[in-house]
Every structure is written in C-alpha cells, then in structure tokens.
Amino acid sequence: MKQKISVISSLGIAIIILAGLLLPAKPAFSGASVWSAETIPSTVDNVLGPAGIDVRDFSMTADYSSIYAAAGNSIVTNVVYKSADYGVTWTAKNIAITADLVAVA
C-alpha cells in the first residue's frame with residue numbers, strides 16, 4: 001500500500017513539473033522606457049573639492065552636509081579636507097595615519 005501511494009505521488013509530482021515546463025511563461029515587464037534630456041553643467045567656476053588640490057577620494061555624511069576629501073598627496077602630508085557646508089568651504093584636518101581613501105560610518 002505504501003508503495004502504491006509513493007508511486008502515485010511521484011507520478012503526480014512529475015505531471016506538475018511537466019505541466020510547468022510546457023506552459024508558456026509570462027514575460028516580465030518593468031514599465032515603459034522614458035528618456036529625457038539632461039542639462040550639462042558649465043565648467044566655469046565649478047570646483048570639486050578644495051581648490052588647487054588633487055582629490056583622490058570623497059566621502060559624505062547621509063545628509064550630504066559634511067564632505068571629506070582625501071588629497072592625492074595625503075599619503076605624504078597626512079591631511080584630509082573637510083567641508084561642513086555642503087562643499088562651499090574646506091578646512092584641512094591633520095590625521096595620524098597615512099591613507100588616501102576616506103569613509104564615513
């Protein structure tokens with residue numbers, strides 16, 4: 001009796017799997033593609049990081065108000081630059097380690 005139940009259930013599972021393979025799949029659809037033009041910002045008076053500094057890495061707080069920039073020569077000078085006003089002004093912060101990458105936790 002147990003053997004008959006096992007055969008019947010195995011046959012039932014095989015039929016379900018076969019039916020799933022034979023039925024056509026419904027295609028996935030994520031919505032219509034929408035394209036739009038973006039204005040390219042001017043290169044005049046735009047400064048990314050402290051003026052005159054070769055910036056190697058950026059990191060910022062979750063609200064983007066404080067930004068940290070590691071200079072390309074920070075390995076030599078042990079300095080990281082910090083802006084507390086969304087990048088408008090920058091101050092040099094001496095650090096005790098030599099690193100050229102920054103992160104905010």
- Message: On a heavy-atom basis, which atom in I67 and which in Y86 lie closest, and how many Å separate them?
- Response: CD1-C, 3.7 Å
- Query: What pair of heavy atoms forms the shortest contact from A69 to V55, and how long is it?
  - Reply: CB-CG1, 4.2 Å
- Query: Taking side chain as C-beta onward, heavy atoms only, is N94 less than 4.5 Å from V79?
  - Reply: yes
- In F58, W90, Y68, the residue satisfying side-chain contact (heavy atoms from CB on, under 4.5 Å) with Y81 is W90
- Message: Suppose clustering is done on Ile, Leu, Val, Met, Phe, Trp and Tyr with side-chain heavy atoms closer than 4.5 Å. Which residues sit in the same group as L11?
- Response: I15
- Query: What pairs with S66 under side chain to side chain donor-acceptor pair (under 3.5 Å), at least two apart in sequence or on another chain?
  - Reply: none
- With sequence neighbours excluded, what pairs up with T89 under the side chain to side chain donor-acceptor pair (under 3.5 Å) test? D85
- Item | Minimum heavy-atom distance between D57 and L101, given as atom pair plus value | OD2-CA, 3.4 Å
- What about L21 and I13, same hydrophobic cluster or not, with Ile/Leu/Val/Met/Phe/Trp/Tyr joined at side-chain heavy-atom distances under 4.5 Å? yes
